[in-house]
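Reviewing the structure listed below.
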Amino acid sequence: MTSHATEFDLEDLLREALRATGADERWTTDADEMWCRLTRPSGIGRRQGWKLHVSATAASAPEVLEKALQVLLREESAFKFVRSTEQVGALNSRATPRGSSGKFITVYPSSDGDAARMALELHRATAGLSGPRILSDQPYAPNSLVHYRYGAFVGRRRLSDQGLLVWFIEDPDGNPVEDKRTGQYSPPSWAVSPFPVSVPLPPRQERVANSPVLLGGRFSIREAIRHTNKGGVYRGTDVTTGAPVVIKEARPHVEGDAAGSDVRDWLRAEARTLEKLTGTGLAPEPLAMFETGGHLFLAQEEVPGVALRTWVAERFRDVGSERYGQDALAQVARLVDLVAAAHANGCVLRDFTPGNVMVRPDGELRLIDLELAALRDDDVLPTRVGTPGFSAPERLRDAPVSPTADYYSLGATACFVLAGKVPNLLPEEPATRPAEQRLAQWLSACTATLHLPDNLTEMILGLMKDDPGERWDPAAARAALRGTDPSGPAHPAAGPARTDEPRAATRAAVAGMVDHLVDSMTPDDEQWLWPVSTRAGETDPCTVQQGAAGVLAVLTRYFELTGDPRLPGPISTAAHWIAARADTRSIRPGLHFGGRGTAWALYDAGHALGDRELRSRAVALALAPLESTPSHDITHGSAGSGLAAAHLWHRTGDARLAELVVDAADRLAAAAQPEPSGVSWPVPAEAVSAEAGKRYLGFAHGTSGIGCFLLAAAGISRRPEHMRLAVAAGEHVVANAVMIGRAAQWPAQATDLPTAPYWCHGSAGIGTFLIRLWQQTGDKRFGDLARGAAHAVVERASRSALAQCHGLAGNGDFLLDMAEATGDPAYRTMAEDLAGLIVSERAHRDGHVVFPTEYGEVSGSWSDGSAGILAFLLRTLHTDPRHWMTRQPG
């Protein structure tokens, strides 16, 4: 076997093979950051069919490729392979989606016959080499590196019913069918396999009808706790004792390295750690380790209770902020003792996080998931695997094993318990501000809503110092906790005096965000005008939710407010980029995912620029026929389409737009379902089958957003039934409010527990409706509940992400609505406190200001990125109406 180590070693192998076979002129080679692709002019191109995948580890990839090329270079079929062994390792990591992992080589056979023949030849050529099983595919034979599945050969995508771009294939009648890439082999029913009889699934998935799975001859599996690329975690029963157990699985070759170790070695290390801690009460008792079908399993005692991460969320939800503060303090003291005890028993944890600590029903804590733990006498290699935000920075850079890394993790976990989260501090370029300084700024910004005593702030900062040698140890943390009175007041008598410094920081952040959006626009890109996060799926690139319309709307507003002379050019470029892609023959419904939201942004841009062509294009788009929709809500359905039409009618006075508003309101009236307390709009089965029948209460997908549109519609139609329906919607929302202390919260739907107070499903969005309903009706109940919603938003501030949909920006916009509606300046102060929290999580990059999404990425979009954050920050600096809410012309 040839040994290669450079990033481009695998392409070197290709060049050697092409020269050796004289095939250079027969193949065309193309490469991107991840893949090297090969095609032949004489090859037969197909859009879909049976394709082959060959897996490999970072260690085996060179030899697998050498063997595979001996087969593939003789063929006509196109193929691709991962360019470097480093990327092969990343492809096989535990964090890789189960539907993608292991696919080192992909072959696109010219025919089904070629697929079957090539699979056999590749299987024989690579026999005996190592590689993980590809979960989305069927193995060609037992222990084979060759796998197959039916799917797309070329990238064809369409919008799903949820407004997300999905890959698709066609059935025999030419109808589009989603090409799902999951962790399970599931070919279309009409696709006839050309391959030999299927290989049985791994033993863990075999199931006798009506019987549980029995592993290791002893452990009966009851349910899966989770499935990840490294393997599953299961609950079950020890049939020899009847005791509940947890069984962890490690798949071969996942997270494999050049030395051949993988997650199975991690599981063996966890077993050694559990043996070391036996009888201490710090961790589950180990029961058995066994192998089945090449998969390694570790059975251990089940610890009753919930993970600390869950405890934090549920306890805060159930008891309210004041009682929670006392409980959290006691929990932090237990965490300090837990880490100290682990170290006293010779164990460095290396992955101490809220997900790896269980809270028993009696409140005691137990360590779980000790796969990265290191025993004092073990020869343990450094690892970059860890949990961002909780793992010490040096831990993620291969630093030697040290208990000081656990001190950092203890500080982060204590911060999570006390504040509800650890700030997501993106790397800065250049890195001029130390991480501990940025953390201190965030904790200071939390003061207005969190009220942490100084000694607790000092403890967190001491444990999380950048220099490992300067970090506090558990004894110092314990001393700090002794200086805190858990029965003391939850709120100080008076907060710090306010200065103009926070507003100056907000103005600087706004300027840096605008710079970022202007400079990151890519009008030559056919797919995205601004960088977006696609972790939650991709939408139409022109939409409000994730596409260019949301960013365009905010830049337009910034120009209207400031007259910045840099903006007309970028605004015009963005608007015409969108207009060129907007199809006026028919549009999708909804405001955030639909065409009328895009028309809204285009019209306002045209108005700001004095561009008559853009305004005309926007009206034409708004008047285009709507695709048939069973959806009722703001984001995807009739209410959102109607709200956009209402805004454009106020702007233009075009009677046709008023007709669209009335039509949408009448559709909603016809679809309304009576409730004991009012009305609701159940999700129709034909809209999203998995959601069928659900009666959401929130703004994005439920009653509150629909009610808010009906208020706007009643002002246009002048029909009492539309107002009555809005009030009935409000009554249903009132009936489902849950008061916890002074905070008004709501479940996502009536049968659920209260959810986080965000715009999408929770208090911020529902309060947005209620405060407007109070203004229209004068009914004190609606106003009182809106005030309770504001309290829920404020008390959760330190725990929230930053964005519009699920975070501080959307929550802050609601508080500004409250300030405007009530005339009470306290709500503006609250909103400015939220702005300060947002600004404290900023990152500077080459003169720009960026913010993290919930997933730690940078996005320009409205829902989860910079555009939505910028919109809110602008409103704290200027008295300005809220985006995507109707307003009179002016």
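Predicted model only: the values in this text are computed from it and were never measured. Just the heavy atoms: all of them, side chains too, but no hydrogens, waters or symmetry mates, feed the values below. FYI, the numbering just counts along the sequence from 1.
- To the nearest 0.5 angstrom, Phe219 atom CZ is 15.0 Å from Tyr234 atom OH.
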- [ ] Could you walk me through whether Ser144 and His123 pass the side-chain hydrogen bond (donor to acceptor under 3.5 Å, both in side chains) test, one step at a time?
- [x] CA-CA 6 Å; Ser144 179; His123 167 66; 2.9 Å; yes

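- Using a 4.0 Å cut-off between a side-chain N of Lys or Arg and a carboxylate O of Asp or Glu, Asp265 and Arg268 qualify as a salt bridge.
- Without hydrogens or angle criteria, Arg384 side chain to Arg397 main chain gives no donor-acceptor distance under 3.5 Å.
- Summarising the geometry of Ser130 relative to Leu145, their closest heavy-atom pair is C-CD2, 3.6 Å, with the distance given to 0.1 Å.
- A distance-only check finds a donor-acceptor pair linking the side chain of Thr96 to the backbone of Leu91 [under 3.5 Å].
- Each of His53, Gln184, His147 was checked for a side-chain hydrogen bond (donor to acceptor under 3.5 Å, both in side chains) with Asp137, and the lone residue meeting it is His53.
- Inter-residue side-chain proximity for Arg471 and Pro468 is flagged as met; some heavy-atom pair is nearer than 4.5 Å.
- Ionic pairing of Arg149 and Asp179 is present here: one or more N-O contacts between side-chain nitrogen and carboxylate oxygen are shorter than 4.0 angstrom.
- Salt bridge absent: Asp467 and Lys465 never bring a charged side-chain N and a carboxylate O closer than 4.0 Å.
- Rounded to the nearest 0.5 Å, atoms CG (Leu274) and NZ (Lys276) are 13.0 Å apart.
- The shortest non-hydrogen separation linking Gly856 to Leu426 is O-CD2, 3.3 Å.
- Contact check on Glu371 versus Lys230 returns a salt bridge, with a Lys/Arg side-chain nitrogen under 4.0 Å from an Asp/Glu carboxylate oxygen.
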(Q) side chain to side chain contact (heavy atoms under 4.5 Å, CB included) for Gln331 and Val359? Distances and angles first, verdict last. (A) CA-CA 9 Å; Gln331 205 66 285; Val359 183; 3.8 Å; yes

Contacts under 3.5 angstrom, residues 404-422 side chains, donor-acceptor by atom type, not counting sequence neighbours:
{"residue": "Thr404", "atom": "OG1", "partner": "Ser402", "partner atom": "OG", "Å": "2.8"}
{"residue": "Asp406", "atom": "OD1", "partner": "Arg350", "partner atom": "N", "Å": "2.9"}
{"residue": "Asp406", "atom": "OD2", "partner": "His343", "partner atom": "NE2", "Å": "2.8"}
{"residue": "Asp406", "atom": "OD2", "partner": "Leu349", "partner atom": "N", "Å": "2.7"}
{"residue": "Ser409", "atom": "OG", "partner": "Phe390", "partner atom": "O", "Å": "2.7"}
{"residue": "Ser409", "atom": "OG", "partner": "Ala405", "partner atom": "O", "Å": "3.3"}
{"residue": "Thr413", "atom": "OG1", "partner": "Phe352", "partner atom": "O", "Å": "3.4"}
{"residue": "Thr413", "atom": "OG1", "partner": "Ser409", "partner atom": "O", "Å": "2.8"}
{"residue": "Lys421", "atom": "NZ", "partner": "Ser800", "partner atom": "O", "Å": "2.7"}
{"residue": "Lys421", "atom": "NZ", "partner": "Glu841", "partner atom": "OE2", "Å": "2.5"}

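- Residues Met464 and Glu436 form no side-chain contact, since every pair of their non-hydrogen atoms from C-beta on lies 4.5 Å or further apart.
- Here the side chain of Asp262 pairs a donor or acceptor atom with the backbone of His253 at under 3.5 angstrom.
- The heavy-atom pair separating Leu463 from Ala477 by the smallest distance is CD1-CB, 4.2 Å.
- The two residues Ala283 and Arg366 have their closest heavy-atom pair at N-CD, 4.1 Å.
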Check: Leu338 and Leu282: side chain to side chain contact (heavy atoms under 4.5 Å, CB included), yes or no, with the steps?
Finding: CA-CA 7 Å; Leu338 189 64; Leu282 296 175; 3.9 Å; yes

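- You'll find the side chain of Arg218 stays beyond 4.5 Å of the side chain of Val245, heavy atoms only.
- Under the 3.5 Å distance criterion, the side-chain polar atoms of Glu255 are left unmatched by any main-chain donor or acceptor of Val263.
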Taking only distance into account, with no hydrogens and no angle test, what donor-acceptor pairs under 3.5 Å do side-chain atoms of residues 300-312 form with protein atoms, sequence neighbours excluded?
{"residue": "Glu301", "atom": "OE1", "partner": "Glu285", "partner atom": "N", "Å": "2.9"}
{"residue": "Glu302", "atom": "OE2", "partner": "Arg235", "partner atom": "NE", "Å": "3.2"}

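- Scanning all heavy atoms of the two residues, the minimum distance from Asn229 to Ser101 falls at ND2-OG, 2.8 Å.
- Applying the side chain to side chain donor-acceptor pair (under 3.5 Å) rule to Lys248 yields the partners Glu270, Asp369; only residues at least two apart in sequence or on another chain are considered.
- Side-chain atoms of Thr280 and Asn345 include no donor-acceptor pair closer than 3.5 Å.
- Taking the six-membered ring for Trp and thresholds of 30 and 60 degrees, Tyr148 and Tyr185 have ring planes more than 60 degrees apart, a perpendicular arrangement.
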| field | CA sep, side-chain torsions, deciding dist, call: Leu135, His227, side chain to side chain contact (heavy atoms under 4.5 Å, CB included) | value | CA-CA 11 Å; Leu135 297 176; His227 283 296; over 6 Å; no

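- Between the CG atom in Asn424 and the OG1 atom in Thr853 there is a gap of 7.5 Å [rounded to 0.5 Å].
- Taking CD of Glu795 as the start and OH of Tyr324 as the end, the distance is 12.0 Å to the nearest 0.5 Å.
- Here the straight-line distance linking atom CZ of Arg264 with atom CZ of Phe297 works out to 12.0 Å at 0.5 Å rounding.
- For the pair Asn92 (side chain) and Ala56 (backbone), a donor-acceptor distance under 3.5 Å is present.
- Contact between Gly386 and Ser391 at its shortest, heavy atoms only, is CA-OG, 3.4 Å.
- The closest side-chain heavy-atom distance from Asp337 to Arg478 is below 4.5 Å.
- Ser220 places a side-chain heavy atom less than 4.5 Å from the side chain of Leu214.
- Here Arg181 contributes atom CZ and Ser136 contributes atom OG; the two are 9.0 Å apart, rounded to the nearest 0.5 Å.
- Looking only at side-chain heavy atoms (C-beta outward), Val88 and Thr57 stay at 4.5 Å or farther from each other.
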- Message: Run Asp351 and Thr353 through side chain to side chain contact (heavy atoms under 4.5 Å, CB included) and show every step you take.
- Response: CA-CA 6 Å; Asp351 197 26; Thr353 76; 3.5 Å; yes

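- Looking at Thr273, its side chain does come within 3.5 Å of a backbone N or O of Ala269 through a donor-acceptor pair.
- Without hydrogens or angle criteria, Arg251 side chain to Arg133 main chain gives a donor-acceptor distance under 3.5 Å.
- Here the side chain of Thr126 pairs no donor or acceptor atom with the backbone of Leu129 at under 3.5 angstrom.
- The shortest side-chain heavy-atom distance between Trp266 and Arg94 falls under the 4.5 Å cut-off.
- The shortest side-chain heavy-atom distance between Pro286 and Thr278 falls under the 4.5 Å cut-off.
- Ring geometry, Tyr758 versus His806: the interplanar angle falls from 30° to 60°, so the pair is classed tilted.
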